[in-house]
Amino acid sequence: MCGIVGYVGEKQAQDVVIEGLRRLEYRGYDSAGIALVVDGPIAWAKKAGKLANLEKELAESPLPGSTTGIGHTRWATHGAPNDVNAHPHLGGHHRVALVHNGIIENFAELRAEIEAAGDELRSETDTEIAAHLIERALAEGGTLTEAMQQVCARLEGAFTLVAIDAEDPSRVVAARRSSPLVVGLGDGENFLGSDVAAFIQHTREALELGQDQIVTITRDDVSVTDFDGRPVEGTRYHVDWDLSAAEKDGYDWFMRKEIFEQPRAIGDALLGRHDPAGRLQLDEGRISDDELREVDKIIIVACGTAFYAGLVAKYAIEHWTRIPCEVELAHEFRYRDPILTRSTLVVAISQSGETADTLMAIRHARTQRAKVLAICNTNGSTIPRESDAVLYTHAGPEIGVASTKGFMTQMIAAYLLGLYLAQVRGTSYADEIARVVTELGDMPGHVQRILDGSDDLYALAEELQQARVVLFLGRHVGYPIALEGALKLKELAYLHAEGFAAGELKHGPIALIEPGLPVFCVVPPRGRDQLHEKMVSAIQEIRARGARTIVMVEDDDTGIEEFADTIIRLPRVSTLLQPVLAVVPLQLFACELATRLGHDVDQPRNLAKSVTVE
Ligand code: M6R
């Protein structure tokens with residue numbers, strides 16, 4: 001939520017900052033702004049709406065040249081998304097400019113203090129008070145770094161702050177508490193960004209910051225302290241993806257590109273995780289096998305699409321390990337006083353690693369002595385840093401706000417975790433584990449086949465352009481896929497879309513069925529448990545009431561044609577792995593329908609990529 005950029009070096013800061021904001025715009029697009037240290041008071045510009053509005057403004061009224069600057073792209077929390085509330089915010093005398101991601105919880109009290117001192121606040125934001133406080137601290141002497149320390153000590157909540165001082169062009173200073181911030185290490189220049197995409201075209205060397213730390217960047221130096229001013233070491237790392245990963249590569253949307261990257265992403269998520277005999281090795285864990293053998297309950301916490309990956313994982317983990325596994329929305333978890341012990345394993349699933357609700361859930365779990373394992377896509381982000389172990393999903397950067405390859409690799413990582421637990425605890429036979437590992441290895445090819453045959457989905461999107469309601473039905477692992485299919489349509493096409501467990505239909509939702517209503521149905525593979533037959537009965541029931549059925553079914557599953565208005569064929573795989581395939585047509589359909597409806601697929605209204613506020 002909100003993208004932040006900072007730069008000091010030899011290049012024109014405006015160019016570097018605007019380029020960084022373009023790559024971070026997926027984090028929030030309610031407004032954008034920039035501030036530069038120039039000869040005189042801070043130079044700044046900010047504009048409601050997308051970054052393009054700011055760029056237009058800068059083209060019409062250019063700012064003076066500068067090599068030190070900050071920028072922001074906003075997802076609004078306090079105050080409407082207008083020009084005044086856009087960041088940067090300035091101190092009373094325009095000496096300090098500041099951008100912010102997060103929420104300053106005690107802002108009402110600080111606001112009253114500033115107003116009582118006679119300073120006029122222009123915006124409705126919680127951010128502006130920090131700019132005033134820093135400017136007042138600076139006026140008493142000392143550096144911007146020292147002023148930042150003083151002010152951070154007074155702030156409550158979660159925040160990343162980045163500030164410049166009109167009287168000191170040599171530095172940009174930032175502070176971080178529970179909100180993302182990473183430093184880009186250049187040669188004669190340094191960068192700050194909410195994530196590495198902000199500076200990936202300039203450097204792939206980065207420095208991770210810890211909780212409650214302040215960083216000062218100059219052209220030739222980066223120094224990090226805690227909030228009390230004591231020096232601390234950041235953790236340096238090399239970013240293992242490059243600029244091309246952050247570009248559209250000829251696709252119309254990042255989302256479409258990311259859907260088509262899924263065969264590669266699955267391969268990368270599996271890479272190096274098993275030996276030739278199919279025996280698994282998880283190399284990024286700080287939880288010992290002995291501790292895993294002690295686990296008597298697993299609780300998966302996550303939000304949105306990651307929560308649905310958790311629902312899929314539950315079926316697989318319980319089946320392979322026989323450990324009871326609950327799945328909870330992270331924002332509900334800690335408020336219900338969950339029962340956690342030393343032998344509870346909490347698994348946090350998060351693409352961004354920054355989702356505040358999930359972060360708070362794992363913090364709560366750790367205070368109760370539970371072990372926490374993160375399944376995460378973003379190296380060095382807060383959730384894995386605060387977990388006892390991490391399984392990275394290696395999907396590469398996901399820029400489209402709607403998660404696709406992130407979801408896919410979360411499922412793959414969760415399967416690997418389940419198989420690993422089964423291996424360590426001896427709850428599945430080695431040849432069964434090896435068989436699933438082999439089947440996982442076939443998934444990139446199967447997904448590619450679905451992608452290659454997607455023309456029918458485009459025709460379907462054309463046909464369903466007028467639909468106002470779309471339903472999704474599934475059973476077993478198909479149920480979370482129904483939920484995910486519906487979420488994708490809500491996010492992208494702004495349609496009323498709902499996913500149901502097919503068995504629940506007769507308990508109420510069947511009343512929604514009316515002639516012509518489109519219903520996607522995920523049919524489980526044929527098996528011993530009659531799930532398939534029960535799903536076919538549900539399809540017959542809704543068809544009898546006039547639903548327009550879009551049936552997703554295995555290649556060799558015949559006999560279903562008479563109940564299906566449209567058939568989408570899926571390669572034959574085992575039941576537990578079917579979600580990996582079934583989700584792909586639903587992603588493509590949502591992307592295509594939203595495109596035809598003229599929506600911004602990568603930046604849907606009201607959303608932001610990583611939700612760093614509770
Ligand atoms: O970064 P996370 O995986 O923690 O994000 C969780 C949700 O906010 C996210 O999956 C959201 O639901 C997506 N927009 C879904 O497409």
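Keep in mind it's a predicted model, so treat the numbers as computed, not measured. Counting starts at 1 for both ligands and their atoms, in listed order. Atoms considered below: every heavy atom in the structure, side chains included; atoms not considered: hydrogens, waters and symmetry mates.
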| field | For Thr305, the ligand 1 atoms whose distance to one of its heavy atoms is below 4.0 Å | value | 10 (O), 12 (O), 15 (C), 16 (O)
| Hey, which atoms in ligand 1 end up nearer than 4.0 Å to a heavy atom of Val401? | 13 (C), 14 (N), 16 (O)
| field | ligand 1 atoms in contact with Ser403 (distance to a heavy atom under 4.0 Å) | value | 15 (C), 16 (O)
| field | atom 6 (C) of ligand 1 - nearest protein heavy atom and its distance | value | Cys303 O, 3.3 Å
| Mind checking whether His599 and Tyr494 have parallel, tilted or perpendicular rings, split at 30° and 60°? | parallel
| Residue Ala306 vicinity, atoms of ligand 1 by number, heavy atom under 4.0 Å | 3 (O), 10 (O)
| request: Kindly indicate, with the supporting measurements, whether the criterion salt bridge (charged side-chain N to carboxylate O under 4.0 Å, His left out) is fulfilled by Arg256 and Glu592. | output: CA-CA 9 Å; Arg256 202 186 302 271; Glu592 189 58 25; 2.9 Å; yes
| note | atom 8 (O) of ligand 1: closest protein heavy atom, distance to 0.1 Å, is Val611 CG2, 4.1 Å
| Proximal ligand 1 atoms for Gly304, defined as those under 4.0 Å from one of its heavy atoms | 12 (O)
| request: Report yes or no: does a heavy atom of Ser610 sit under 4.0 Å from some atom of ligand 1? | output: no
| Numbered atoms of ligand 1 (with element) below 4.0 Å of Ser350, judged on heavy atoms | 1 (O), 2 (P), 3 (O), 4 (O)
| note | among protein heavy atoms, the one nearest atom 14 (N) of ligand 1 is Glu491 OE2, 2.5 Å
| Does Leu192 reach the side chain of Thr160, with side-chain heavy atoms less than 4.5 Å apart? | no
| How close does the nearest protein non-hydrogen atom get to atom 5 (O) of ligand 1, and which residue and atom is it? | Thr355 OG1, 3.5 Å
| task | Work out which heavy atom in Val470 is nearest to a heavy atom in Leu495; give both atom names and the distance. | result | CG2-CD1, 3.9 Å
| task | Give me the ring orientation class for His72 and His87: parallel if the planes are under 30° apart, tilted from 30 to 60°, perpendicular past 60°. | result | parallel
| request: Show which atoms of ligand 1 fall inside a sub-4.0 Å distance from at least one heavy-atom site of Gln351. | output: 1 (O), 2 (P), 3 (O), 4 (O)
| task | Consider only side-chain N and O atoms of Gln211 and Ser178, and report whether a donor and an acceptor are under 3.5 Å apart. | result | yes
| task | State whether a side-chain donor-acceptor pair under 3.5 Å links Arg27 with Thr73. | result | no
| task | Quick one: look up the protein heavy atom nearest atom 1 (O) of ligand 1 and list residue, atom name and how far away it is. | result | Ser352 OG, 2.7 Å
| query | Between Phe520 and Phe472, what is the ring plane arrangement, given parallel below 30°, perpendicular above 60°, and tilted in between? | reply | parallel
| message | List ligand 1 atoms under 4.0 Å from Lys488, heavy atoms only on the residue side. | response | 15 (C), 16 (O)
| query | Are the charged groups of Arg366 and Asp388 less than 4.0 angstrom apart, N to O? | reply | yes
